[in-house]
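Written below as structure tokens is the structure these notes are about.
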Amino acid sequence: MAPEPLTPEQTEQALAELPGWRAADGRLVREYAFGGHLPAAAMVVHVAAIQEELNHHSDLALGYATLGVSVNTHSVGGRVTELDVALARRIEEIAAGHGAS
Ligand SMILES: C[C@H](O)[C@H](O)[C@H]1CNC2=NC(N)=NC(=O)C2=N1
């Protein structure tokens with residue numbers, strides 16, 4: 001079944017349990033900081049594996065010691081759906097293990 005775009009209220013509810021994430025331009029967005037480049041790059045690979053598992057893919061922006069994550073659902077015209085929230089939750093679960101803050 002096709003996902004439905006979340007209402008603003010549903011998005012706020014989801015964000016209340018996703019520290020550091022925000023909604024911007026119809027996307028869920030988070031920036032992580034690391035102690036150096038390799039831990040940031042390692043997190044990219046881990047996130048990519050999760051994305052393949054979920055068949056849902058964010059835009060990842062790797063910096064020197066930062067990683068930007070930005071996601072929406074293309075199939076509903078670039079809006080936030082439960083699929084984006086599910087991915088954000090999975091990324092949050094692994095972030096601390098990579099030393100991300
Ligand atoms: C064919 C494939 O299932 C689709 O292209 C998937 C892949 N990953 C995706 N990722 C995101 N962010 N939105 C989508 O609509 C989407 N669709």
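Treat the numbers as computed from the prediction; the structure is a model and nothing was measured. When a ligand or atom number is given, it counts from 1 through the structure's own listing order. Just so you know, residue 1 is the first one in the sequence shown, and it goes up from there.
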Is there a heavy atom of Val76 sitting under 4.0 angstrom from any atom of ligand 1? no
Around atom 16 (C) of ligand 1, find the nearest protein heavy atom and jot down its residue, atom name and distance. His74 ND1, 3.9 Å
CZ of Arg30 to CZ of Arg22, rounded to nearest 0.5 Å, is 10.0 Å
Protein contact of atom 12 (N) of ligand 1 - nearest heavy atom, named by residue and atom, plus distance: Asn72 O, 2.8 Å
Mind telling me whether His98 and His46 have parallel, tilted or perpendicular rings, with 30° and 60° as the class edges? perpendicular
Test of proximity, His57 against ligand 1: N or O pairs below 3.5 Å: yes
Return yes when atom CD of Glu17 has more than 12 non-hydrogen atoms of other residues, nucleotides or ligands closer than 6.0 Å, and no otherwise. no
Tell me if the CZ atom of Arg27 is crowded by more than 12 foreign heavy atoms within 6.0 Å. yes
Before you tell me yes or no, could you show the steps for Arg89 and Trp21 under side chain to side chain contact (heavy atoms under 4.5 Å, CB included), namely the whole-Å CA-CA distance, both residues' side-chain angles and the distance that decides it to 0.1 Å? CA-CA 10 Å; Arg89 287 185 181 136; Trp21 289 79; over 6 Å; no
Answer side chain, backbone, both or neither: which part of Asp84 comes under 4.0 Å from ligand 1, heavy atoms only. neither
After noting the C-alpha distance and the side-chain angles of Val69 and Leu28, does the key distance pass the side chain to side chain contact (heavy atoms under 4.5 Å, CB included) rule? CA-CA 8 Å; Val69 185; Leu28 293 186; over 6 Å; no
Mind checking whether Asn55 has an N or O less than 3.5 Å away from an N or O of ligand 1? yes
Please tell me if atom 4 (C) of ligand 1 is touched by the protein, where touching means a protein heavy-atom distance below 4.0 Å. no
